[in-house]
Amino acid sequence: MMEKNIALITGVAGQDGSYLSEFLLSKGYDVHGIIRRSSVDYRERIAHLEGKPDFHLHYADMGDSMSLVKLVGEVRPTEIYNLAAQSHVQVSFDAPEYTADVDAVGVLRVLEAVRTNHLEKTCKIYQASTSELYGKVEEVPQNEKTPFHPYSPYAVAKLYGFWVVKEYREAYDMFCCSGILFNHESERRGETFVTRKITLAAARIAQGKQDCLYLGNLDSKRDWGYAKDYVECMWLILQHDKPEDYVIATGVQHTVREFATLAFHYAGINLKWEGEGVNEKGIDVRTGKVVVAVSEDFYRPTDVVNLWGDPTKAKTELGWNPQTTSFEQLVQIMVKHDMEKVAADHVAGVMRTNLAEYLEKGLVK
Ligand code: NAP
Ligand code: G4F
């Protein structure tokens, strides 16, 4: 009888962790996920998986090597997906030391937990690397050979993670690799990332529950894909015969302004743009009201403005399709979800969260 594959996912309750859990369960894996203690048990993204016989949750923390060593020893995973991170770039300017501990040293802790338990020949490791490594980009589009130029405390921490994974691959002959993932979004995306902030606000504005959305740099360009498609590639990277690093992207680039225009369109509001820089406004063509404005509060000390990935290697070597979900479909999926969410919250009389109010007033970045 074939041995069952056992996956350990750090960051299981995050956007990617939830989709990856669903994907691996559908492939017959035993899935173990790491969650951390918080004062409010907020596990909405994985609530539907809890109670399934092959899905197990454990408390541990990326800042606590002992918890990781103990858990890896107990679970004895055949694959580890290291997704846990302080994943917000803006927040990394406010909490740089914490970001370095979790996003840089945390990776080392996972690698050492595998070595301490003598699993380096049986356990493959996927590291969630990022297009932010290209930062102040040195070429467009970016591929596996493009030099890195990290441009935030988050990216600098992730650079350590990338290199330490590569080092352990060469020094100890471990099957550990990075997926260099470009931005991927979904209806499960955290509410302070720009795409979700836009789709939620477009839904609220369309339903008369918010007046205006405040954004930062509208000219910033991203290669946005659908998170559900990207988790398949994480798995494919670990099924390849050789441990290698891959760029995962759609190969299509849009500005924040273009994302907002399309999201508002799907919410039933057609925008026209007037003004420049901090004075630029998105105006509802039908009512003449300003529904999008720029706030310097959302500008970053250094901003990455030109991410555009070349997924050729993943396409040819892994057989992954970067175009499964188009940009238009992604925006439509997110807006449809948030239109329904905002309407359902209203019908159920759900109180608006503090976060929603803070977002509207620009108090949370
Ligand atoms: P996410 O939604 O923010 O999820 C991150 C997860 O990590 C959360 O479940 C979080 O727990 C957990 N976590 C944070 N600090 C932790 C700690 N100290 N100990 C244990 N768990 C901790 O992020 P995502 O979008 O799914 O991204 C997954 C990974 O891919 C991250 O490493 C991110 O940096 C990287 N990445 C993301 C993208 C993207 O566009 N989404 C692109 C490239 C790379 P809580 O739920 O308790 O907060
Ligand atoms: O949505 P964002 O916050 O994502 P960012 O910074 O690209 O980071 C995400 O993708 C990375 C992969 O490239 C991941 F590694 C990382 O973990 C995370 O998932 O911002 C996207 C762009 C930025 O240029 C930002 O300056 O949108 C611009 N932006 C404009 N207005 C805004 C806003 N970003 C946010 N969060 N909020 C705004 O109001």
Side-chain angles (χ1 to χ4, degrees), residues 9-20 33-38 40-46 58-64 67-68 81-92 98-99 101-103 105-107 109-110 126-135 142 151-152 154-155 157-158 161 178-186 188-198 201 213-227 230-231 234 248-249 255-257 259-260 292 294-307 309 359 362 364-365:
I9 305 177
T10 73
V12 73
Q15 171 188 260
D16 292 4
S18 65
Y19 285 121
L20 181 64
I34 288 179
I35 49 169
R36 57 182 174 159
R37 150 85 187 138
S38 91
V40 182
D41 261 344
Y42 179 75
R43 301 206 291 266
E44 199 184 359
R45 296 182 181 112
I46 51 169
H58 309 266
Y59 282 110
D61 198 292
M62 296 302 288
D64 180 345
S67 69
L68 295 171
Y81 295 86
N82 184 35
L83 309 185
Q86 189 303 91
S87 70
H88 203 284
V89 172
Q90 174 70 59
V91 171
S92 77
Y98 172 72
T99 303
D101 190 39
V102 172
D103 296 11
V105 185
V107 185
R109 293 188 184 108
V110 170
Y126 170 86
Q127 167 58 18
S129 287
T130 166
S131 50
E132 290 290 313
L133 297 176
Y134 300 119
Q142 295 95 35
Y151 213 35
S152 66
Y154 167 81
K158 283 280 186 179
S178 278
I180 306 171
L181 269 59
F182 282 63
N183 298 51
H184 44 283
E185 318 294 316
S186 74
R188 297 184 193 170
R189 186 59 145 149
E191 296 182 11
T192 58
F193 294 98
V194 76
T195 56
R196 189 77 199 287
K197 181 174 165 183
I198 291 171
L213 164 67
Y214 293 92
L215 294 171
N217 185 357
L218 296 171
D219 291 313
S220 187
K221 294 182 200 145
R222 287 291 182 275
D223 178 328
W224 280 296
Y226 189 29
Y230 282 38
V231 298
M234 298 176 184
I248 310 300
T255 61
V256 170
R257 186 184 298 98
F259 189 102
V292 185
V294 173
S295 163
E296 283 178 350
D297 284 347
F298 300 111
Y299 285 169
R300 295 176 178 177
T302 48
D303 198 12
V304 171
V305 295
N306 197 4
L307 292 180
L359 276 170
V364 166
K365 290 162 186 162

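This chain uses plain numbering: 1 for the first residue, then up along the sequence. Order of listing sets the numbers, starting from 1, for every ligand and every atom in it. Atom set for the values below is all heavy atoms of this structure, side chains included, hydrogens, waters and symmetry mates excluded.
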Do Gly216 and ligand 2 have an N or O pair less than 3.5 Å apart?
yes

As an exercise, identify every atom of ligand 2 less than 4.0 angstrom from a heavy atom of Ser131.
12 (C), 13 (O)

Evaluating non-hydrogen atoms only, which member of Gly11, Gly33, Ala155, Ala13 is closest to atom 46 (O) of ligand 1?
Ala13

Can you name the atoms of ligand 2, numbered from 1 with element, that are less than 4.0 Å from a heavy atom of Thr192?
35 (C), 36 (N)

Going by the atom numbers of ligand 1, which of them fall below 4.0 Å from some non-hydrogen atom of Ser129?
43 (C), 44 (C)

Ligand-side contact atoms (ligand 1) for residue partner Thr130, heavy atom cut-off under 4.0 Å
43 (C), 44 (C)

For Lys158 and ligand 1, does the shortest N/O to N/O distance drop below 3.5 Å?
yes

In terms of side-chain heavy atoms, does Ser131 have a donor or acceptor partner in Gln142 at a distance below 3.5 Å?
no

Hey, is Lys158 touching ligand 2 through its side chain, its backbone, both or neither, going by heavy atoms under 4.0 Å?
neither

Please state which part of Tyr19 comes within less than 4.0 Å of ligand 1, counting heavy atoms only: side chain, backbone, both or neither.
neither

Suppose I only count heavy atoms of Leu181 and a 4.0 Å limit; which atoms of ligand 1 are within that range?
42 (C), 43 (C)

As a test of understanding, state which of Asp101, Asp64, Asp103 forms a salt bridge (charged side-chain N to carboxylate O under 4.0 Å, His left out) with Arg109.
Asp101

Atoms in ligand 2 flagged as close to Leu307, the criterion being non-hydrogen separation under 4.0 Å:
13 (O)

Residue pair Gln127 / Ser178, side-chain donor-acceptor N/O under 3.5 Å:
no

Donor-acceptor pair, Asn217 side chain versus Asp219 backbone, under 3.5 Å?
yes

Ser220 side chain to Val304 main-chain N or O, any donor-acceptor pair under 3.5 Å?
yes

Just let me know how His88 lines up against ligand 1, side chain, backbone, both or neither, with a heavy-atom cut-off below 4.0 Å.
neither

Please work out whether any backbone atom (N, CA, C, O) or any side-chain heavy atom from C-beta onward of Arg189 is under 4.0 Å from ligand 1, and answer side chain, backbone, both or neither.
side chain

Only heavy atoms of Ala128, strictly under 4.0 Å: list the atoms of ligand 1 that pass.
29 (C), 30 (O), 32 (O), 35 (C)

Heavy atoms only, cut-off 4.0 Å: how does Arg189 contact ligand 2, side chain, backbone, both, or neither?
side chain

Closest protein heavy atom (residue, atom, distance) for atom 36 (N) of ligand 1
Tyr154 OH, 4.0 Å

How far is atom 39 (C) of ligand 1 from its nearest protein heavy atom, and which residue and atom is that?
His184 CE1, 3.2 Å

Ligand 2 atoms nearer than 4.0 angstrom to some heavy atom of Val304 are 24 (O)

Compute the shortest N/O to N/O distance between Gly14 and ligand 1 and return yes if it is under 3.5 Å, no if not.
yes

Under 4.0 Å between heavy atoms, the region of Val89 that gets near ligand 2 turns out to be side chain

Closer than 4.0 Å to some heavy atom of Ser87 - which atoms of ligand 2 meet that?
16 (C), 17 (O), 18 (C)

Begin with the C-alpha distance, continue with both residues' side-chain angles, and end with the deciding distance and a verdict on side-chain contact (heavy atoms from CB on, under 4.5 Å) for Thr192 and Lys197.
CA-CA 6 Å; Thr192 58; Lys197 181 174 165 183; 6.0 Å; no

Does Ala13 offer a backbone N or O that forms a donor-acceptor pair with the side chain of Arg45 under 3.5 Å?
yes

Region of Phe193 that comes within reach of ligand 1 [heavy atoms, distance under 4.0 Å]:
neither

Measuring from the heavy atoms of Val305, does anything fall under 4.0 Å of ligand 2?
no

Ligand 2 atoms nearer than 4.0 angstrom to some heavy atom of Phe298 are 39 (O)

Do the side chain of Asp223 and the main chain of Gly309 share a donor and acceptor less than 3.5 angstrom apart?
yes

Name the closest protein heavy atom to atom 14 (C) of ligand 1, giving the residue it belongs to and the distance to 0.1 Å.
Ala85 O, 3.2 Å

Show me which atoms of ligand 2 lie under 4.0 Å from any heavy atom of Val256.
27 (O)

Do any N or O atoms from the side chain of Ser152 and from the backbone of Ala155 form a donor-acceptor pair under 3.5 angstrom?
yes

Gln90: heavy atom below 4.0 Å from ligand 2, yes or no?
no

I'd like to know whether Tyr59 forms a side-chain contact (heavy atoms from CB on, under 4.5 Å) with Ser67, so could you lay out the CA-CA distance, the side-chain angles of the two residues, the decisive distance to 0.1 Å, and finally the verdict.
CA-CA 8 Å; Tyr59 282 110; Ser67 69; over 6 Å; no

Using a 4.0 Å cut-off to any heavy atom of Lys197, which atoms of ligand 2 qualify?
38 (C), 39 (O)

Can you sort out which atoms of ligand 1 are near Ser87, meaning under 4.0 Å from one of its heavy atoms?
1 (P), 3 (O), 23 (O), 33 (C), 34 (O)

Numbering the atoms of ligand 1 from 1, which are under 4.0 Å from a heavy atom of Met62?
17 (C), 18 (N), 19 (N), 20 (C)

Which value, rounded to the nearest 0.5 Å, describes the distance between Thr10 atom OG1 and Asn82 atom CG?
3.5 Å

For atom 3 (O) of ligand 2, tell me which residue out of Arg222, Arg300, Arg196 has the closest non-hydrogen atom.
Arg300

Checking heavy atoms under 4.0 Å, the part of Val102 that sits near ligand 1 is side chain

Under 4.0 Å, heavy-atom basis, I'd like to know which part of Tyr299 is in contact with ligand 2: side chain, backbone, both or neither.
neither

Gln15 versus ligand 1: do any nitrogen or oxygen atoms come within less than 3.5 Å of each other?
yes

Measure from atom 9 (C) of ligand 2 to every heavy atom in Leu181, Asn183, Leu133 and give the option owning the shortest one.
Asn183

Result for salt bridge (charged side-chain N to carboxylate O under 4.0 Å, His left out) between Glu132 and one of Lys158, Arg300, Arg222 points to Arg222

His88 ring center within less than 6.0 Å of Tyr154 ring center:
no

Measuring from Asn306:CG to Thr255:OG1, what's the distance to the nearest 0.5 Å?
11.5 Å

Any nitrogen or oxygen of Ser131 lying under 3.5 Å from a nitrogen or oxygen in ligand 1? Just yes or no.
no

Check: of Ala84, Gly225, Ser186, min heavy-atom distance to atom 21 (N) of ligand 1 comes from Ala84

Could you list the atoms of ligand 1 found under 4.0 angstrom from a heavy atom of Tyr98?
15 (N), 18 (N)

Run down the list Asn217, Asp223, Thr130 and name the one with the heavy atom closest to atom 15 (F) of ligand 2.
Thr130

Run the numbers for me: atoms of ligand 1, each under 4.0 Å from some heavy atom of Asn183, listed by number.
40 (O)

Please say whether Leu215 places an N or O atom under 3.5 Å from an N or O atom belonging to ligand 2.
no

Before you tell me yes or no, could you show the steps for Leu181 and Met234 under side-chain contact (heavy atoms from CB on, under 4.5 Å), namely the whole-Å CA-CA distance, both residues' side-chain angles and the distance that decides it to 0.1 Å?
CA-CA 9 Å; Leu181 269 59; Met234 298 176 184; 3.7 Å; yes

Taking all atoms of both residues into account, what is the closest heavy-atom pair of Gln15 and Glu185, and its distance?
OE1-C, 3.5 Å

